[in-house]
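One structure is given here, and the rest of the page talks about it.
Throughout, residue positions are numbered sequentially from 1 according to the sequence presented.
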Amino acid sequence: MTKKLTVAVVGATGAVGTKMMEQLSKRKFPIGKLKLLASKRSAGKELSFNGETYVLEEATPEAFEGVDVALFSAGGSVSTALAHAAAERGAVVIDNTSAFRMDPDVPLVVPEVNRADIKEHKGIIANPNCSTIQMMVALEPIRQAYGLNNLIVSTYQAVSGSGVSAIEELHEQSVQWEKGKDVEANILPVKGDKRHFPIARNVLPQIDVFTDNGFTYEEMKMINETKKIMHAPELAVAATCVRVPVVAGHSESIFIEVEQAGVSVADIQNVLKDAPGVILQDDPTNQEYPTPLEAEGKEGTFVGRIRKDLNNDKGFHLWVVSDNLLKGAALNSVQIAEAMLEDGLL
């Protein structure tokens, strides 16, 4: 008989929290008791799950008593304030924020890539950045087969990565454009930064604020998280992260340089076609390649446009697309919990 667990979802009303609940239901995660936790102002509201009505509770340290697994997606400040308190009460925290990703005592996990790292947890497991996750799913099989010396990624990230309010702003700006009204921008590229720009009919080469080295924090997340997940501190990684007027689904143009010589496009395709979590869509003669619209609502990481670099025999270009709210967030979190259950860690 499958063990029934007490599960808490922190941030249940947000874009990712909603998807977490959908995945828990869809994948029939063995929930004996569900606790939906939110801010004090949201406490008392009702949400439905599997045909039952649940009342949101305020997220406090005491709310985690008796919880086996706590899925956090309510922002870094909430995770910083409550994750350790939840772990101290016996819960395994799977955190979807950046609060603990680079903590050396916290595993940063993509189950298809570094599942073994889960067992090293000390109460908290970090879910990587959404763009990092899909890149790792696509590249780790290649690295295992042919090695990896260098990777350069440019992202085309959907507005849902900035939350429900950014989606609403995209829709509102689109209507304003059509009606010939002044377009209002209050959220993107970064809500807390000095200036804001329209995303409708636009592309913004900034996600998160800039660091002293000229890269944004989002770009540095991809760089540092990749090295941690792959246990490859020496790997050369560069990233440029861009927001595009797409609701859901992040796209990535990735250049890689493998270690082995003589690798062909067919070799890369053969590695990826059976790789866990990867869906190969690569038939340029028939215009078959991944798009975010097609990936939206699907669980896989789609890979196509695989081609050899024209100047570097060990270089390849790939196009990688995935639903950032699913594999990039909610699904990966639930898969971590499933892996723990399968491996006897819960």
Side-chain angles (χ1 to χ4, degrees), residues 14-19 22 73 75 96 98 129-135 138 152-210 215-222 238-255 279 281 287-305 317-331:
V16 175
T18 299
K19 293 292 184 181
E22 290 177 2
S73 188
N96 193 56
S98 60
N129 178 277
C130 47
S131 297
T132 305
I133 290 174
Q134 66 187 69
M135 185 168 71
I152 301 170
V153 58
S154 296
T155 72
Y156 305 74
Q157 295 180 225
V159 295
S160 53
S162 284
V164 174
S165 59
I167 299 173
E168 293 172 349
E169 183 163 89
L170 170 61
H171 291 317
E172 291 167 1
Q173 290 173 355
S174 298
V175 172
Q176 290 165 349
W177 273 114
E178 292 299 325
K179 293 183 176 180
K181 296 182 177 180
D182 291 338
V183 177
E184 298 178 8
N186 301 301
I187 296 173
L188 296 172
V190 185
K191 188 172 184 179
D193 212 345
K194 297 179 288 296
R195 300 178 64 192
H196 301 99
F197 306 101
I199 185 61
R201 303 190 183 186
N202 207 6
V203 169
L204 302 177
Q206 178 190 358
I207 300 178
D208 213 326
V209 296
F210 288 97
F215 286 80
T216 65
Y217 276 99
E218 181 83 358
E219 292 158 354
M220 293 308 301
K221 287 175 192 175
M222 292 195 74
T240 300
C241 295
V242 179
R243 189 74 71 189
V244 297
V246 170
V247 173
H250 288 351
S251 304
E252 299 173 345
S253 174
I254 306 173
F255 167 80
I279 299 172
Q281 277 189 326
Q287 292 180 276
E288 183 179 350
Y289 42 73
T291 66
L293 189 60
E294 185 177 357
E296 185 176 356
K298 296 184 175 69
E299 297 181 359
T301 294
F302 297 81
V303 184
R305 295 294 319 276
H317 300 268
L318 303 87
W319 178 250
V320 178
V321 180
S322 191
D323 188 317
N324 54 296
L325 297 181
L326 287 179
K327 184 55 186 170
L331 174 59

Open item on the list: Working to the nearest 0.5 angstrom, can you tell me the gap between Q134 CD and I254 CD1?
Closed with: 7.5 Å
Open item on the list: For P292 versus V246, what's the shortest heavy-atom pair and its separation?
Closed with: CB-CG1, 4.1 Å
- [ ] Please report the shortest heavy-atom distance between T301 and S322, naming the atom on each side.
- [x] OG1-OG, 3.8 Å
Task: Non-hydrogen side-chain atoms of I279 and K298 separated by less than 4.5 Å - done: no
Open item on the list: Rounded to the nearest 0.5 Å, what separates atom CD in E294 from atom CD in E288?
Closed with: 8.0 Å
TODO: Please report the closest heavy-atom contact between S160 and N324, naming both atoms and the distance.
DONE: OG-ND2, 3.0 Å
Open item on the list: Which residues pass the side chain to side chain contact (heavy atoms under 4.5 Å, CB included) test with Y289, not counting sequence neighbours?
Closed with: Q287, T291, R305
TODO: Look up atom NZ in K221 and atom SG in C130, then write down how far apart they are to the nearest 0.5 Å.
DONE: 8.5 Å
Task: Side-chain donor or acceptor of R243 paired with backbone N/O of A158 under 3.5 Å - done: yes
- [ ] Take K327 and I133, measure what side chain to side chain contact (heavy atoms under 4.5 Å, CB included) needs, and give me the verdict at the end.
- [x] CA-CA 7 Å; K327 184 55 186 170; I133 290 174; 3.7 Å; yes
Task: Minimum heavy-atom distance W319-P290, with the two atoms named - done: NE1-O, 3.0 Å
TODO: Using modelled atom types only, decide if a donor and an acceptor are shared between the side chain of D193 and the backbone of R195 within a distance under 3.5 Å.
DONE: no
TODO: Please step through side chain to side chain contact (heavy atoms under 4.5 Å, CB included) for the pair S162 and E169, ending with a clear verdict.
DONE: CA-CA 11 Å; S162 284; E169 183 163 89; over 6 Å; no
Task: Results of side chain to side chain contact (heavy atoms under 4.5 Å, CB included) for S165 - residues two or more places apart only - done: I187
TODO: Output yes when a side-chain donor or acceptor of D323 lies under 3.5 Å from a complementary backbone atom of G249, and no otherwise.
DONE: no
Task: Full working for side chain to side chain contact (heavy atoms under 4.5 Å, CB included) between F255 and S154 - done: CA-CA 9 Å; F255 167 80; S154 296; over 6 Å; no
Task: Contacts of type side chain to side chain contact (heavy atoms under 4.5 Å, CB included), residue A295, not counting sequence neighbours - done: F302, V321
Task: E296 side, atom CD; L293 side, atom CG - distance, nearest 0.5 Å - done: 6.5 Å
Task: Separation of L188 CG from N202 CG (nearest 0.5 Å) - done: 10.0 Å
TODO: Output the distance between atom CD1 (I167) and atom CG (L325), rounded to the nearest 0.5 Å.
DONE: 6.5 Å
Task: Check against side chain to side chain contact (heavy atoms under 4.5 Å, CB included), N186 and H196 - done: CA-CA 6 Å; N186 301 301; H196 301 99; 5.5 Å; no
Task: Test side chain to side chain contact (heavy atoms under 4.5 Å, CB included) applied to V183 - qualifying residues, sequence neighbours left out - done: Q173, Q176, W177, P198
Task: Sidechain-backbone polar pair: T216 side chain, F210 backbone, donor-acceptor under 3.5 Å - done: no
Open item on the list: To check you understand the geometry: which heavy-atom pair defines the closest contact between E218 and I207, and what is its length?
Closed with: CB-O, 3.1 Å
TODO: Identify the heavy atoms of M222 and C241 that sit nearest to each other, and give their distance.
DONE: SD-SG, 3.6 Å
Open item on the list: Once side-chain hydrogen bond (donor to acceptor under 3.5 Å, both in side chains) is applied, do any residues pair with S131, and if so which ones, sequence neighbours excluded?
Closed with: Q157
Task: For K19, salt bridge (Lys or Arg N to Asp or Glu O under 4.0 Å) partners two or more places apart - done: E22
